[in-house]
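See structure below.
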Amino acid sequence: QFGNYVNYILSLNSEVNIVFIPHMYKDIEIISNVLNFIRDDYRRNRISVAPLLNGTLNGGDYIFSLYKKLDFALGMRFHSNVCAIGLNVPNIGLITYHKHGYLFDEINLPDRALNVKEEGFFDKLTYKTIEDLGRLYEIRENYKKINEKLEKDIYEFHLKVKQWLTENKVI
């Protein structure tokens, strides 16, 4: 079904290209399975798969540079959604584990996530993708505001911790 979704989205707009970014070894298997259901001309010309970098090669710079170039992301992994949101990349979180959905709730973005187990998931995903591709700027600007608020909240929290530590003669 995900292969059919990709085929349909690519058929709507010749400017859309897809990059699969694996975050763990299991993702490579999942990506490979999905690729089997994508039209060959799309696989050859409009689909890329990023490398999975671990250990000392995984400083993050390469993967973050890929995310920064994206116009839109679908994220099945917690880290992929954090990367997208943190870099102001419009995304849809594909929730496979309930705790991952908490991220979207906590930062007041519940509409940016879809539970893959919901009835009609692929219809909802297709509709949301088409809608979102028409309003990327608006979503990106909302993410910028959310990230600015998060930075302010973190700064204020650190001030309170420092004040408490000073008052209690810990530092």
Side-chain angles (χ1 to χ4, degrees), residues 2 5 9 16-31 34 48-118 121 124-171:
F2 198 77
Y5 159 82
I9 296 301
V16 172
N17 294 287
I18 294 176
V19 180
F20 289 97
I21 303 175
H23 283 251
M24 55 191 286
Y25 283 104
K26 183 69 174 170
D27 294 346
I28 295 170
E29 179 184 355
I30 294 168
I31 292 166
V34 169
S48 297
V49 180
L52 173 64
L53 301 174
N54 283 319
T56 58
L57 293 176
N58 193 12
D61 293 339
Y62 177 76
I63 297 301
F64 288 136
S65 74
L66 288 177
Y67 273 96
K68 286 177 185 176
K69 292 178 184 177
L70 299 177
D71 292 317
F72 184 70
L74 298 178
M76 197 173 95
R77 301 282 181 217
F78 181 82
H79 289 96
S80 64
N81 289 304
V82 169
C83 289
I85 295 167
L87 295 169
N88 302 315
V89 175
N91 72 322
I92 299 173
L94 307 178
I95 307 305
T96 57
Y97 183 59
H98 68 280
K99 288 185 179 181
H100 294 173
Y102 297 161
L103 165 68
F104 293 90
D105 294 337
E106 188 172 324
I107 60 174
N108 200 26
L109 289 174
D111 63 316
R112 304 300 321 144
L114 292 173
N115 188 318
V116 300
K117 295 176 184 166
E118 281 184 28
F121 166 74
K124 291 175 185 176
L125 177 61
T126 302
Y127 176 81
K128 187 159 190 55
T129 301
I130 293 166
E131 179 183 65
D132 286 354
L133 289 174
R135 54 186 212 105
L136 295 174
Y137 177 80
E138 175 189 333
I139 298 167
R140 188 178 298 272
E141 290 302 305
N142 187 41
Y143 281 18
K144 286 179 185 177
K145 289 177 188 171
I146 287 169
N147 282 311
E148 287 170 4
K149 182 185 179 319
L150 289 171
E151 286 183 29
K152 181 180 176 238
D153 291 348
I154 290 168
Y155 177 78
E156 289 173 1
F157 174 75
H158 286 155
L159 285 178
K160 287 178 184 177
V161 169
K162 185 175 181 178
Q163 180 183 355
W164 183 89
L165 291 171
T166 303
E167 288 172 0
N168 290 283
K169 300 180 181 8
V170 176
I171 57 171

Using the rule side-chain contact (heavy atoms from CB on, under 4.5 Å), only one of I28, I30, I63 pairs with P22; which is it?
I28
Can you confirm whether K149 sits close enough to I107 that some side-chain heavy atom of one is under 4.5 Å from a side-chain heavy atom of the other?
no
Would you give the length of the straight line joining atom CD1 of I95 to atom NE2 of H98, rounded to the nearest 0.5 angstrom?
11.0 Å
Locate the shortest heavy-atom distance separating D71 from P90; write the atom from each residue and the value.
O-CD, 3.5 Å
By salt bridge (Lys or Arg N to Asp or Glu O under 4.0 Å), which residues pair with K144, not counting sequence neighbours?
E141
Could you work out, with side chain to side chain contact (heavy atoms under 4.5 Å, CB included) as the rule, every residue matching S65, not counting sequence neighbours?
Y62
With rounding to the nearest 0.5 angstrom, report the CD1 to CG distance, I139 to D132.
3.5 Å
Taking the side chain as everything from C-beta on, heavy atoms only, tell me whether L52 gets closer than 4.5 Å to D27.
no
When rounded to the nearest 0.5 angstrom, what is the spacing between CE in M24 and CD in E29?
10.5 Å
In terms of heavy-atom contacts, Y143 and R112 come closest through OH-NE, 3.4 Å
Residues, nucleotides or ligands: over 12 heavy atoms within 6.0 Å of K124 NZ:
yes
Ion pair present between K160 and E156, side-chain N to carboxylate O less than 4.0 angstrom?
no
Just checking N108: does its CG atom have more than 12 heavy atoms from other residues, nucleotides or ligands closer to it than 6.0 angstrom?
no
Could you tell me whether the side chain of N115 and the main chain of K117 form a donor-acceptor pair under 3.5 Å?
yes
Can you name the side chain to side chain contact (heavy atoms under 4.5 Å, CB included) partners of A73, sequence neighbours left out?
L70, A84, V89, N91
Taking atom CD1 of I85 and atom OH of Y67, what is their separation to the nearest 0.5 Å?
11.0 Å
Between CZ of F121 and CD of E118, what distance do you get to the nearest 0.5 Å?
8.5 Å
Rounded at 0.5 Å granularity, tell me how far CD1 in I171 sits from CH2 in W164.
10.5 Å
Parallel, tilted or perpendicular, judged at 30° and 60°: which one describes the rings of Y5 and F2?
tilted
Which class fits the ring pair H79 and H23: parallel under 30°, tilted 30 to 60°, perpendicular over 60°?
parallel
Looking only at non-hydrogen atoms, find the nearest pair between N81 and I92 and report the distance.
OD1-O, 4.0 Å
Atom of G93, atom of F104 and distance for their closest heavy-atom approach:
CA-CZ, 3.6 Å
